[in-house]
Each structure stands twice: as structure tokens, then as C-alpha cells.
> 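Dumping the structure here so I can ask a few things about it.
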Amino acid sequence: MRKVLFSACALAALTLGAAAANAETVAITNAKILTAGPAGEIASGTVVIKDGKIAAVGASAAVPAGARVIDARGGVVAPGFFATGSMLGEVEVGSLGNDLSVNNPEIGASFDIQYGLNPGSVLFPVARLGGLTSAVVLPIPAGRRGGDADEEDDDDASQYTAGPSGEGSKSHTLFSGQGAVIDLGTGDTILTKARVAMVAPFGSGGAALAGGARGAEFVALKEAFADVRDYMKNKAAYDKAAYRDLGLSKGDLEALIPVVEGKMPVVAVVKRASDIRQVLAFARDEHIKVILDGAQEGWVVAPEIAKAGVPVLMNPFDDRPESYEELAATLDNAGRLSAAGVTVAFESTGGSARVRETRYEAGSAVSHGMAYGAALAAITINPAKIFGVADRTGSLEPGKDADLVVWTGDPFEPLSQPTAVFIHGQAQPMTSRQTELRDRYKDLALPLPPGYVHP
Amino acid sequence: MRLWTWAATLIVAAAVSGCATTTTPAKVAEAKADAPAAPAKPKPLPPGLDPMARADAFPSTYRPMPSRPTAVVGASVFTGTGQLIENGVVLVKDGKIEAVGAGLAVPAGYETVDAHGKWVTPGIIDAHSHLGVYASPAVQANSDGNELTNPVTAEVWAEHSVWPQDPGFNTARIGGVTTLLILPGSGNLIGGRGVILRNIPARTVQDMKFPDAPYVLKMACGENPKRVYGSKGRAPSTRMGNVAGYRAAWINAADYQRRWDEYRAKVAKGEKADPPKRDLGLDTLSAVLRGEILVENHCYRADEMAQMIDISKEFGYHVAAFHHAVEAYKIADLLADNHICVATWANWWGGKMEMLDGIEANAALVNAAKGGCAVIKSDDPDLIQRLNQEAAEALAAGRAAGLQITEADAIRWITSNPAKAIGIDKQTGSLEPGKRADLVIWDHDPFSIYARTDRVYLDGAISYDRHDPRYQPRSDFDLGQPGEGVR
């Protein structure tokens with residue numbers, strides 16, 4: 001009986017502890033603050049976290065009574081970074097597959113990645129230690145593999161860009177499904193916003209899915225959108241099976257309604273300059289919103305992209321003619337797009353294991369001509385805006401979720417390290433499975449085998 | 001030591017096979033053959049049928065580009081030997097490092113390069129690349145890195161797949177890479193010979209071949225070979241199948257060596273003998289057993305590396321380096337004790353089961369073991385452009401683990417240590433008098449994300465200059481294409 005009582009008390013204490021942690025008031029002082037918001041850079045100041053939100057940011061922000069004070073010692077506070085195009089939450093070990101690609105005749109556009117999310121992934125703590133606190137997770141076009149592997153493993157992946165599959169048209173695969181924004185915290189619910197965008201591959205990838213040629217894809221897409229509009233006007237007849245056959249399933253037609261209404265953007269996976277022009281024209285003709293994804297030759301058509309007000313997701317490291325669709329790839333792409341007025345967000349390198357390299361992409365873009373503030377925006381506020389969550393995260397502004405990281409120095413520098421990570425105001429553990437392995441094997445001269453070491 | 005043994009073996013072998021030579025053993029052999037009572041001297045084998053006749057059937061035609069006596073003055077100089085020299089002067093003459101030190105006088109007639117406020121490192125060496133064999137664009141026609149038709153293809157040589165016009169050589173040079181080891185892929189247990197190249201724009205691969213560098217043999221553990229052949233319904237389909245495959249190959253190599261030894265012994269005695277049939281694969285493997293070819297072994301897991309070490313002892317060869325080796329930190333002591341380098345990454349992990357336990361501090365923990373040899377390499381045409389950043393990430397992870405590591409120490413991970421791991425450390429990898437003048441001038445500390453190369457020297461010649469279009473080579477492939485290869 002006493003034992004039971006004790007346990008109940010312990011449980012109550014634990015619950016209280018958790019609630020207290022949620023409501024923790026924290027003041028980070030003596031920090032250079034990169035707000036990524038209208039306040040820009042604050043040379044030295046304080047950030048106050050209260051009730052999971054940012055309560056104050058500024059050179060002279062007051063430290064509330066009872067707040068836990070973190071002295072940043074002249075380090076940097078920045079918004080938590082935003083992983084764009086990662087597979088976080090939908091993959092564990094790359095070669096074991098992922099939950100981001102479907103090949104089901106009934107489910108293309110209607111595929112919704114939110115139901116596959118797994119907050120228990122060991123990839124999350126690793127990503128957090130790279131300063132990441134949010135991610136947009138997008139479906140992967142059918143037949144394409146994501147992930148990190150050595151060179152031998154790359155053989156089949158590279159063929160994706162090498163040409164069409166030669167198989168017949170599979171119109172259900174023209175749309176890869178809908179992505180979601182998540183946070184990378186320790187909580188059970190990581191979904192920030194579902195159905196933020198619809199993915200569709202263009203260029204040789206889209207051509208392969210449409211039967212082997214670019215021209216076929218645009219015809220098929222126009223037909224699909226016409227079908228969706230007809231369906232919207234004739235739902236009653238369709239439901240009574242008194243309407244003409246439509247190429248897509250009912251679920252896919254429904255999923256595309258917000259797209260044709262211009263409410264949900266299409267993430268257009270596209271590399272070549274001429275293909276980008278076609279996508280821009282197509283979006284204009286169909287009155288849909290698009291986001292360019294890849295855009296390795298984007299700089300060639302930067303003024304047109306800027307004029308269309310279309311944002312770009314890209315990897316600033318892409319500089320080789322990896323395929324015939326990106327012969328003009330260059331490390332200057334990010335800087336040139338940004339200078340032309342394009343809203344740019346940086347995509348992760350290789351699947352999800354290496355997503356922590358996002359901050360180095362930003363640094364590299366700076367050394368190749370991008371303004372520091374623009375590079376910071378490309379991994380914070382820009383992706384938040386592009387995917388419709390800028391009211392909640394992406395910058396250090398009062399009222400937003402307290403998603404932020406304290407760094408020993410410039411967060412783009414490899415020699416800088418994070419010292420504290422907050423998501424929704426909750427301090428995150430500064431360990432990962434990797435640091436546990438490291439600490440288990442750091443001393444190989446212990447009397448007992450490493451299996452007895454529990455870091 | 002190994003190189004010396006190699007040279008000695010070549011000399012003796014050349015002598016007994018009847019090649020022209022003036023060394024003592026040859027005179028002995030000739031004297032015996034010329035003795036009046038002895039039978040007629042056997043006809044020497046045509047070179048193509050004698051594995052020892054020509055050590056290299058595709059000899060290097062590398063020639064350094066024109067250079068002038070040069071003094072790089074005022075930089076912070078990482079020597080690659082663990083030193084950082086502030087306000088350093090690097091003197092270069094006849095393509096070689098002449099002297100390195102603080103405040104050295106510049107001799108008359110030297111071109112002075114003002115490098116105050118800049119950094120100098122040895123040229124970066126990538127100990128694991130597939131440039132040229134998996135060239136860009138990555139179309140099937142350019143996919144020449146894995147001969148996936150047999151689990152043991154010791155007979156293939158990566159250099160026969162290298163396309164010198166791969167635009168990736170130029171982007172790698174912009175990243176400071178002056179020397180690189182091109183390996184076959186890892187789909188086979190034994191993938192074939194790798195080749196060490198000077199990163200110079202060239203018409204032929206022979207024009208790039210590093211003179212007097214050893215050949216290497218690519219071996220691979222783990223998932224790749226068993227997946228490739230298991231999926232074809234043949235051996236190996238398991239790790240135990242992998243190990244049986246390596247052991248069978250070495251047994252064949254030893255048998256081949258014995259047949260040639262017996263043949264040569266008979267010929268040396270003037271007896272009639274039929275030469276064994278030459279076998280290209282067993283040529284390579286037997287040369288490994290003689291210590292002439294270095295073994296570069298793709299192997300991720302600690303337990304598999306330990307088994308590969310036992311196999312090397314069973315058959316009498318040495319593993320120069322384990323590659324990828326993301327679990328090296330679990331056996332850093334064993335690897336150091338066996339004088340095996342570890343060529344790894346900081347950031348790559350998790351792509352497959354054998355990569356699951358990779359940690360950022362791997363190189364730093366290998367480095368911390370007494371006698372440990374850590375190498376940061378690319379295995380990737382993108383990463384090869386920023387090996388300095390990968391080294392910085394590995395250094396930061398080591399410091400986060402509580403290890404005291406200087407930048408001067410960590411720069412060795414991409415310079416002198418890879419030179420050692422691929423057997424060219426007598427020639428390059430550090431800024432020491434007499435070595436090849438391969439060096440890079442950086443605009444920032446190379447451990448900064450903002451560092452870019454201003455200039456890259458190969459054998460004292462300017463091979464790349466960021467501010468001078470005359471020294472910005474383009475591949476033939478890039479000509480007339482969008483962007484013209486301006487990266």
C-alpha cells in the first residue's frame with residue numbers, strides 16, 4: 001500500500017515537473033540576436049521565453065522575476081532552423097525505405113504524409129543538434145529514391161534524371177501528394193500544419209511519369225485540372241455515376257480542388273531553365289500557385305521567377321552538371337536568385353541523416369555572394385512563409401513560438417556549437433543516439449565491455 | 001620500407017626474367033645461363049605474357065605545368081606536419097618546396113605573392129574519389145565505376161574507366177584538391193585497381209597519373225557485395241559468403257605466385273619450363289601479397305574491420321586504410337596498433353544499416369588513439385569541393401567530445417594523413433623541403449565556412465586562380481553549354 005502511494009506521489013510530481021517545464025520562463029542574456037524578423041540583428045540583448053512563446057526580444061528587454069537566466073556569454077541566439085525537403089519523421093534508415101512515396105492508382109494527389117509521422121525517430125535529436133527546430137516534409141515522386149548512401153548505392157538513383165522510363169502514362173503519379181510542416185521537439189505531436197503543398201515533378205522526372213516526354217506531361221496536367229474543375233461543378237452528377245469518366249480517383253479530384261482554387265501551392269520539382277519557364281507559364285495560365293523545387297538553372301531565368309513572385313527551394317551546393325537538366329549549375333545560384341528578388345529557402349542535402357548540414361549551406365551561400373541576412377532567411381523565415389507557418393515560427397518576434405537556439409558563435413560556422421535548443425519554449429536534451437555512442441566508446445580501456453556503459 | 005621491398009623485388013624479378021640489367025643478381029643468373037655445360041638459354045617471354053616484365057603497362061606521362069621560382073609571403077601557414085607558422089614564407093623552386101618558415105628572406109628573381117591576411121595549406125588530397133569513373137553528367141553512358149559482373153574483379157583497373165573531361169576534376173581543384181585516389185566502386189568483394197591522379201586538366205589519364213605512386217586494390221565489406229550478388233541469386237549473399245570470397249581469392253593468388261616462382265627458379269637454373277598462363281586479376285592480387293600494391297578496404301562496421309585484419313594476417317598482406325569506417329571509433333586502439341589509417345566522413349551516416357552508428361567525432365577519436373591515422377575523404381563529387389569544411393566539422397565534434405585538437409593537427413586529416421594512407425607521403429601532403437610544391441592559398445582560415453581558395457599550385461605551377469580567368473580551366477564537355485562550366 002505504501003509502495004503504491006509512493007508511486008502515485010512520484011507520478012504526480014513528474015506530471016507537475018513536466019507542466020512546470022512547459023511554463024518555464026527563461027531569459028537568454030548577453031547574446032547577439034539574429035531575429036530574422038523586422039528587428040534584424042541586435043548586437044547584444046536579451047530574449048525572454050514565457051508560456052512557450054517569445055515574450056520579449058531586444059537590447060534592453062527586462063529579465064522577468066523568477067526567470068531562469070542563460071548567459072549566452074556573447075554567443076548568438078538565432079531562430080531554430082527550418083529543414084526544407086527533408087524526410088524527417090518519415091524515414092529511419094534510408095535503405096529500409098520511407099513513407100513518402102506511393103504508387104497506387106487511387107492515391108496520388110490525395111496522398112497525405114501527415115499520417116506516417118513518427119516523432120520517435122533517432123534522426124530528430126541529431127537534427128536538433130544541428131540547430132533545426134522545424135521541417136517541411138514533402139512527398140517524393142513515384143520511382144524516385146531519397147537518402148544518403150555511398151557511391152555504389154547511387155547507381156539507380158542517378159538514372160532517375162537520365163531519361164524517361166518508357167512505360168505508359170500513369171496520370172495518378174503526376175501528383176506525388178501533400179506535404180506537412182512539423183516541429184522537431186520531443187513531444188508526441190509534432191504536426192504543425194498538414195496539407196501545406198502539393199508536389200509534382202516536372203522536367204525529365206515529370207516526363208517519365210507522363211509517358212516519356214515533357215510535352216505529354218503538360219497536356220496531361222491541363223486535362224487533370226480541367227477534370228477537377230468539371231468535377232467541382234458537377235459533383236452531384238459524378239456521385240450518381242451520371243457523369244463522364246474522369247482520369248483521377250475521387251480522392252485525388254478532391255485533393256486538387258484547393259490547388260485549382262489557387263489556395264494550395266504546387267511544389268514543382270524542376271531544374272532546367274526552359275522547364276522553369278514552362279512551369280511559370282503553366283501556373284499563370286492555370287491560375288495556380290507554384291513553388292520551384294531544385295531550380296539548378298534558376299539563375300538563368302531569375303528575373304522571370306522574381307517577376308512571377310514564385311519562391312524557390314534549392315540547394316546552394318548544387319554546382320555540377322549532374323544531369324542534362326542542370327548544365328548551368330553554379331555555386332552562385334543562391335546569391336543571384338536572391339539578388340534578383342526571389343524568395344529562397346535552402347533544401348537539405350541527402351535525405352535526412354545529413355540535414356544538420358543546412359547551416360553550412362547558408363554559410364557557403366554567403367561566401368558565394370549571398371547577403372548574410374538573406375542566407376539566414378533562407379533557413380528560417382522564408383520557408384516558414386512559403387509553407388504558411390510564419391505566424392508561428394521562423395523568426396524571433398514576440399508572440400511567436402519560442403523555437404530558438406543558443407550558439408557559441410556564428411551559427412553558420414562549423415566550429416560554432418549549439419549550447420541550448422528550445423522548441424515551443426521547451427528546453428530540448430542536448431544529446432542524441434550519436435553522442436551516447438560517442439561517450440560509450442570514448443574510453444576503450446575500461447575494465448568492462450562498452451555494453452555496460454550507459455552514457 | 002614497403003616501397004623499398006617493392007623496388008628490390010622488381011629488380012630481382014626483372015633480373016631472373018632476363019630483362020637487361022646490370023645488378024649483381026642478374027650477372028649471377030647470366031653467368032649460370034652462359035656456362036658451357038648448361039642447356040640453351042630459354043627465350044624470354046613476350047612482355048605481355050610476363051607479369052613482371054613491365055610493372056606498369058600504362059605508364060605515367062604526367063609533366064608539371066610551367067612554374068617560376070615563387071615566394072608566398074605573409075600567410076598563416078599550416079604545414080601539414082602539425083605546425084602553424086604565422087607570417088610564414090613558403091619558397092618554391094623547380095616545382096618543389098625549397099623552404100618554409102617565419103620571415104624568410106626572398107631570394108632575388110623569385111615572384112613574390114603577397115599572402116598577408118591569408119592562409120596557406122598543402123594541396124588537399126582526397127583518398128577516396130570516383131571522379132572520372134562516375135563522371136558528370138551521371139548518365140548510364142558515364143557510369144563506369146563498378147564492374148558488377150563478378151564478385152572478384154581484381155583484373156579491372158579504374159584508370160581504364162577514367163574520363164579526363166569529367167567537369168568534376170575542375171570543381172574539385174577549385175576546392176583545393178591537388179591529388180586524388182580514384183577507386184572502383186564497392187559492389188564487389190574485390191573491385192580492382194585504383195589509380196592516384198594529379199588533378200591537372202589533361203587529354204589522357206596517363207597525363208594525370210601520379211609518377212612513382214603505388215597502385216592500390218579496392219576491397220569492400222558488408223552490405224554492398226552481398227546485396228548486389230545476393231539479388232542475382234549467387235554468392236555472396238551473406239557476410240559469411242563475403243569472407244569466403246576474400247579467402248578463396250587470396251588462396252588463388254598465393255597459388256599463382258608459387259607457379260611463377262617455380263617457373264622462374266627453373267629458368268634461372270637453365271631448366272626447361274613452361275610459363276604459367278598470365279592472369280590479370282591474380283597479377284594484382286599476388287602483387288598485394290608481395291607488398292607492392294596497397295589495400296584500400298571499404299568497410300563500415302567495427303566487427304567486420306576486425307575480421308578483415310585477421311584475413312590480412314592469414315594471407316600476409318597489410319590493409320593501408322579502411323574507408324568509410326564509420327565505426328572505427330569503436331576499435332580505434334586496434335586500428336592504431338595495426339597501423340591502419342581510417343578514411344571517413346564527419347557527417348555521413350544512417351543511409352543504411354551498416355552506416356547507422358556513424359558519429360561526427362569518428363575522425364577525432366581515431367586521431368586521439370596513440371598512433372591513430374585519421375583521414376577525411378569525400379567519396380562524392382560535391383563533398384570533394386569542401387573537404388576543409390568536413391574536416392572543420394570533424395574537428396568541432398572532437399572538441400565537443402572534450403578532446404584537445406588544434407587546427408594545425410586537424411589539417412593533417414586532409415593533407416599528410418591521406419598521403420600516408422595511399423602511399424605518397426614521401427612526395428606530397430605537407431610543406432617540407434624537397435616535396436612537390438602542391439599548395440593552396442585561402443582567403444579565410446580553411447576551418448571557416450567562408451574560406452575559398454584564391455590560388456591552387458600543383459608542382460609550383462598555378463593550376464587555379466580565382467581572380468584570373470587565365471587559370472580557370474574548363475572541361476571540353478562544358479564548352480558551348482549553358483553556363484560554359486563557370487561554377
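Only this structure's heavy atoms are used, side chains among them; waters, hydrogens and symmetry mates stay out. In what follows, chains are A, B, ... by sequence order, proteins preceding strands, each numbered from 1.
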> Is it true that a side-chain atom of A:N98 and a backbone atom of A:V91 form a donor plus acceptor pair closer than 3.5 Å?
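No, A:N98 side chain to A:V91 backbone: no donor-acceptor pair under 3.5 Å.
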> Quick one: what part of B:S448 sits under 4.5 Å from any heavy atom of chain A, side chain, backbone, both or neither?
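Contact with chain A involves both backbone and side-chain atoms of B:S448.
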> Applying the side-chain contact (heavy atoms from CB on, under 4.5 Å) test to B:M219, which of B:L189, B:N242, B:N297 qualifies?
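Exactly one candidate clears the test, B:N297.
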> Can you confirm if the aromatic rings of B:H128 and B:H298 lie within a centre distance of less than 6.0 Å?
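No, they do not, as the ring centres are separated by 6.0 Å or more.
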> Looking at B:A368, B:P137, B:S136, which has the largest count of heavy-atom pairs under 4.5 Å with chain A?
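Option with the top pair count is B:P137.
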> Counting distance only, does the side-chain N/O of A:R359 pair as donor-acceptor with the main-chain N or O of A:P411 below 3.5 Å?
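Yes; at least one donor-acceptor contact below 3.5 Å.
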> Return the option, out of B:E390, B:H444, B:Q385, with the maximum number of heavy-atom pairs under 4.5 Å with chain A.
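Most pairs with chain A among the choices: B:Q385.
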> Sort B:A392 into side chain, backbone, both or neither according to what part of it lies under 4.5 angstrom from a heavy atom of chain A.
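Both the backbone and the side chain of B:A392 come within 4.5 Å of chain A.
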> Can you confirm whether or not the ring centre of B:H324 sits under 6.0 Å from the ring centre of B:W345?
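Between B:H324 and B:W345, the centre distance is under 6.0 Å.
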> Between A:E92, A:R433, A:K442, which residue shows the highest count of heavy-atom pairs closer than 4.5 Å to chain B?
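Top option by heavy-atom pairs under 4.5 Å: A:R433.
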> Looking at A:E325 and A:S204, would you say the former's side chain and the latter's main chain have a donor-acceptor pair under 3.5 Å?
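Between the backbone of A:S204 and the side chain of A:E325 there is a qualifying donor-acceptor contact (under 3.5 Å).
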> Top residue by heavy-atom pair count (under 4.5 Å) with chain B, among A:P321, A:A273, A:G130?
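Sorted descending by pairs with chain B, the first entry is A:P321.
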> In terms of heavy-atom proximity below 4.5 Å to chain A, should B:L356 be classed as side chain, backbone, both, or neither?
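Looking at B:L356, backbone and side chain both touch chain A.
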> Which answer fits A:R440, side chain, backbone, both or neither, if we ask what part of it has an atom under 4.5 Å from a heavy atom of chain B?
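Interface part for A:R440: neither.
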> Using heavy-atom distances under 4.5 Å, tell me whether B:E327 contacts chain A through its side chain, its backbone, both, or neither.
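Neither part.
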> Heavy-atom cut-off 4.5 Å, strictly under: side chain, backbone, both or neither for B:A451 against chain A?
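For B:A451, no heavy atom lies under 4.5 Å from chain A.
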> For the side chain of B:Q165 and the backbone of B:F477, is there at least one donor-acceptor N/O pair under 3.5 Å apart?
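No, B:Q165 side chain to B:F477 backbone: no donor-acceptor pair under 3.5 Å.
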> Please find out if less than 6.0 Å separates the ring center of A:Y360 from that of A:F317.
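Not under 6.0 Å, so no.
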> Give a yes or no answer on whether the side chain of B:R452 reaches the backbone of A:S367 with a donor-acceptor pair at less than 3.5 Å.
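Such a contact is found between B:R452 side chain and A:S367 backbone.
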> Go through A:D318, A:L96, A:V126 and name the one with the most non-hydrogen pairs under 4.5 angstrom from chain B.
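The residue among A:D318, A:L96, A:V126 with the greatest pair count is A:V126.
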> Among B:D382, B:N347, B:T171, who wins on heavy-atom pairs under 4.5 Å with chain A?
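Winner by heavy-atom pair count: B:N347.
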> I need the residue from A:A329, A:S416, A:S364 with the largest number of non-hydrogen atom pairs under 4.5 Å to chain B.
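Greatest number of close heavy-atom pairs with chain B: A:A329.
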> If I measure from the heavy atoms of chain A, does B:Q481 come under 4.5 Å with its side chain, its backbone, both, or neither?
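Contact with chain A is through the side chain of B:Q481 alone.
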> In terms of heavy-atom proximity below 4.5 Å to chain B, should A:D439 be classed as side chain, backbone, both, or neither?
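It is neither, since no heavy atom gets under 4.5 Å.
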> Between B:H130 (side chain) and B:L183 (backbone), is there a donor-acceptor pair under 3.5 Å?
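At least one qualifying donor-acceptor pair exists.
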